[in-house]
Amino acid sequence: MVVFLVGPTGIGKTEVSVKLAKKIGGEIISCDSMQIYKDMNIITSAPRRALLKSVKHHLLGVVSPQKEWNVSAYRRLALKSVKEIFSRGRTPLFTGGTGLYLSSLVDGIFEERETLPGLRASLEALDGGILARRLAKVDPEASKKIHLHDKKRIVRALEVYESTGHPISALQKRRNGLADTHTVRIFCLSMDRNDLYARIDARVEKMFSLGLLKEAKSLLGRRLSRTARYAIGLRELKSYFKGEISLDSAKELIKRNSRRYAKRQLTWFRKDKRIIWVEAGRRDAPERIAGRIYSLLKDGD
RNA sequence: GCCGAGAUAGCUCAGUGGUAGAGCGCGGCCCUGAAAAGGCCGGCGUGGGGGGUCCGAUUCCCUCUCUCGGCA
């Protein structure tokens, strides 16, 4: 069995996951596109040392923020971790909030051959309308599905087509995930929206008191990958360091962007009907929430 | 106390004698190699209280309350 514990940012997954892992004899694999990076502990609210010690964690802080990274690379590492954990007779417990990472594991992702180097960059340089028309010609199905303005996905679809000679819409139908071969249980923590937003705001304040400014400054001095540089907090603080906005408004922006992110995560999780929702009251101790999940797991067997 | 300006969406504000918009905020949604990214959709409103004119008032008039300036 493979267990997933997901939920919006700031809801308290980390604590619950440790308690749950102990109950089920599990090891935690991070399912988070930002906590995978090194040197981004404060900005990603990565679990603190004490927690890491009590249960074995995988894929936290294992990639340089300067290295280009993506779902597929993540998936490869994650599946490797799953194998290792099984070989020890233990249970993998994925914890995190990155929806795409979750689906790449549960349902899989299509395997593509190498894309042509530099192709994406040269596509990106072109006008969106031209790209959209080009895609409509070579891959009408994908073109229909992708919004005209969603240049990122249009570029991706063209990149795949021009690299492989096959439309992405056809390739994407070929996917295999853990759900095809294993029993998969996905739990998502939920909370009253206002309570969640209050927690998010408080957590941003805490990040600042833990030294976010220093961490961000040092990160911004490096040549970050195009994934890592989009961590919430970095862009906002970059504007602050450049003197474009005040520290207060940077802080407010970080809070707002985190709230919006949480909202998008919830949208993503809501559409997956396999997810078992677990209400996390604002006064519920992590231990109690973990206990509830544990009993749901036993009932399901 | 007097003079002036104002009171419209969560906030800042626009506008019109035929029940109202904009930006931000907020809500909903999409998502298959950048995903904490990227994209789409939605006004969410007893127009400060009361009275009057009018077929009809958020818009005009009176009054009350409050806010902000200025003078005392």
Side-chain angles (χ1 to χ4, degrees), chain A residues 6-10 30-37 40 43-46 63 65 67-78 96-117 119-121 123-124 128 132 139 141-142 144-160 163-164 167-177 193-194 196-197 200 203-204 207 216 219 224-237 249 252-272:
Chain A
V6 302
T9 186
S30 166
C31 183
D32 186 298
S33 65
M34 287 296 167
Q35 289 184 356
I36 194 137
Y37 289 116
M40 294 179 64
I43 202 166
T44 64
S45 299
V63 176
K67 182 172 177 169
E68 293 304 333
W69 191 251
N70 60 50
V71 211
S72 176
Y74 165 77
R75 179 170 185 266
R76 232 168 283 138
L77 288 190
T98 302
L100 182 63
Y101 281 17
L102 169 71
S103 79
S104 80
L105 292 165
V106 176
D107 297 316
I109 195 171
F110 83 97
E111 298 291 339
E112 101 196 356
R113 292 153 250 175
E114 290 283 293
T115 49
L116 301 171
L119 175 59
R120 185 180 294 193
L123 287 169
E124 277 168 349
D139 188 349
E141 188 179 339
K144 212 172 138 191
K145 203 171 128 193
I146 302 169
H147 191 277
L148 182 66
H149 294 158
D150 198 347
K151 188 170 173 182
K152 211 178 250 200
R153 288 199 170 74
I154 294 175
V155 165
R156 170 67 187 150
L158 285 170
E159 176 190 41
V160 169
S163 296
T164 67
I168 193 172
S169 58
L171 295 173
Q172 282 179 337
K173 285 169 188 155
R174 298 208 282 270
R175 65 196 309 204
N176 292 293
R193 189 67 65 92
N194 288 327
L196 177 63
Y197 284 0
I200 288 173
R203 194 169 76 164
V204 171
M207 281 161 47
L219 283 166
L224 297 178
S225 75
R226 54 162 126 227
T227 327
R229 75 170 69 133
Y230 285 114
I232 293 174
L234 275 184
R235 280 190 282 188
E236 297 86 343
L237 288 175
S249 48
E252 286 313 307
L253 281 173
I254 293 173
K255 288 177 184 173
R256 186 199 69 184
N257 292 337
S258 300
R259 277 181 248 130
R260 288 180 174 174
Y261 171 49
K263 184 167 106 68
R264 266 180 281 129
Q265 287 176 298
L266 286 166
T267 298
W268 181 290
F269 297 137
R270 263 195 298 260
K271 89 179 158 182
D272 190 335

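All chains are named by letter (A, B, ...) in the order of the sequence lines, taking the proteins before the strands, and each is independently numbered beginning at 1.
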G33(B) OP1/OP2 closer than 4.0 Å to side-chain N/O of Arg156(A) | yes
To the nearest 0.5 Å, what is the distance between CD (Glu124(A)) and CD (Glu159(A))?
-> 8.5 Å
P gap between G38(B) and U32(B), integer Å | 15 Å
Round to a whole Å and report the spacing from NZ of Lys255(A) to C1' of C24(B).
-> 17 Å
Close N/O contacts between protein and nucleotides 40-42 of chain B (under 3.5 Å):
{"residue": "C40(B)", "atom": "OP1", "partner": "His149(A)", "partner atom": "ND1", "Å": "2.9"}

Specify the separation, in whole Å, of atom CG of Asp272(A) and atom C1' of U32(B).
-> 14 Å
By the Watson-Crick or G-U definition, both distances under 3.5 Å, C55(B) is matched with G18(B)
Would you classify Arg235(A) as touching base, sugar-phosphate or nothing, given that sugar-phosphate means primed atoms plus P, OP1 and OP2, and contacts are heavy atoms under 4.0 Å?
-> sugar-phosphate
Tell which nucleotide pairs with G1(B), taking only Watson-Crick or G-U wobble pairs whose two distances are both under 3.5 angstrom.
-> C71(B)
Is Gln172(A) reaching over with its side chain to a backbone N or O of Ser169(A), donor-acceptor style, under 3.5 angstrom?
-> no
If pairing means Watson-Crick or G-U wobble with both distances under 3.5 Å, then the partner of G38(B) is C30(B)
Any donor and acceptor pair, going by atom type alone, linking the side chain of Arg153(A) with main-chain N or O of Ile146(A) inside 3.5 Å?
-> no
Starting at atom CZ of Arg260(A), determine the distance to atom P of G38(B), rounded to an integer number of angstrom.
-> 11 Å
For residues Arg76(A) and Ser72(A), is any side-chain donor paired with an opposing acceptor at under 3.5 Å?
-> yes
Tell me: CZ of Arg259(A) to C1' of G10(B), nearest whole Å?
-> 12 Å
For Gln265(A) and G27(B), what is the distance between atoms CD and P respectively, to the nearest whole Å?
-> 14 Å
P atom, C62(B) versus U53(B): distance in rounded Å?
-> 15 Å
Taking atom types as modelled and ignoring hydrogens, do the side chains of Thr9(A) and Arg203(A) form a donor-acceptor contact shorter than 3.5 angstrom?
-> yes
For A22(B) versus A9(B), give the span between their P atoms, rounded off to a whole number of Å.
-> 15 Å
Identify each atom pair where a protein N or O and an N or O of nucleotides 28-30 of chain B are less than 3.5 Å apart, giving names and distance.
{"residue": "G28(B)", "atom": "OP1", "partner": "Arg193(A)", "partner atom": "NH2", "Å": "3.2"}
{"residue": "G28(B)", "atom": "OP2", "partner": "Arg193(A)", "partner atom": "NH1", "Å": "3.2"}
{"residue": "G28(B)", "atom": "OP2", "partner": "Arg193(A)", "partner atom": "NH2", "Å": "3.4"}
{"residue": "G28(B)", "atom": "N7", "partner": "Lys263(A)", "partner atom": "NZ", "Å": "2.4"}
{"residue": "C29(B)", "atom": "OP1", "partner": "Arg270(A)", "partner atom": "NE", "Å": "3.4"}
{"residue": "C29(B)", "atom": "OP2", "partner": "Thr267(A)", "partner atom": "OG1", "Å": "3.4"}
{"residue": "C29(B)", "atom": "OP2", "partner": "Arg270(A)", "partner atom": "NE", "Å": "3.1"}
{"residue": "C29(B)", "atom": "OP2", "partner": "Arg270(A)", "partner atom": "NH2", "Å": "2.3"}

Starting at the 5' end of RNA chain B, which residue's closest nucleotide do you reach first, Asn257(A) or Arg229(A)?
-> Arg229(A)
Nearest-Å distance for atom pair NZ/P, residues Lys67(A) and A34(B) | 15 Å
Heavy-atom donor-acceptor pair, Arg75(A) side chain to Leu105(A) backbone, under 3.5 Å | no
May I have the distance from Arg120(A) (atom CZ) to G33(B) (atom P), rounded to whole angstrom?
-> 8 Å
Mind checking Leu234(A) for me? I need base, sugar-phosphate or nothing, with any heavy atom below 4.0 Å counting as a touch.
-> nothing
Quick one: is Arg75(A) getting a side-chain N or O under 4.0 Å of the G33(B) phosphate, OP1 or OP2?
-> no
How close or far is atom P of G39(B) from atom CD of Glu124(A), stated in whole angstroms?
-> 13 Å
For atom P, what is the distance between C3(B) and G18(B), given to the nearest Å?
-> 32 Å
Assess whether side-chain hydrogen bond (donor to acceptor under 3.5 Å, both in side chains) is satisfied between Asp32(A) and Thr98(A), documenting all intermediate values.
-> CA-CA 5 Å; Asp32(A) 186 298; Thr98(A) 302; 4.5 Å; no
How far, in whole Å, is G42(B) from G49(B) if one measures between their P atoms?
-> 30 Å
What is the nucleic acid contact for Thr44(A), judged by heavy atoms within less than 4.0 Å: base, sugar-phosphate only, or nothing?
-> base
Answer for the Watson-Crick or wobble partner of A7(B), both distances under 3.5 Å, is U65(B)
For C61(B) versus C68(B), give the span between their C1' atoms, rounded off to a whole number of Å.
-> 24 Å
Sticking with atom P, work out how far U46(B) lies from G50(B), rounded to a whole angstrom.
-> 14 Å
Given the P atoms of G52(B) and A57(B), what is the spacing between them in whole Å?
-> 11 Å
Hey, what do you get for CD1 (Ile109(A)) to OH (Tyr101(A)), rounding to the nearest 0.5 Å?
-> 9.5 Å
Counting N and O atoms only, with roles assigned by atom type, does the side chain of Gln265(A) sit under 3.5 Å from a partner on the main chain of Gly97(A), one being a donor and the other an acceptor?
-> yes
Identify the heavy atoms of Tyr230(A) and Met34(A) that sit nearest to each other, and give their distance.
-> C-CE, 4.0 Å
Would you indicate what Tyr101(A) reaches in the nucleic acid, counting non-hydrogen atoms under 4.0 angstrom: base, sugar-phosphate, or nothing?
-> sugar-phosphate
List the steps, then state whether salt bridge (charged side-chain N to carboxylate O under 4.0 Å, His left out) holds for Glu141(A) with Lys144(A).
-> CA-CA 5 Å; Glu141(A) 188 179 339; Lys144(A) 212 172 138 191; over 6 Å; no
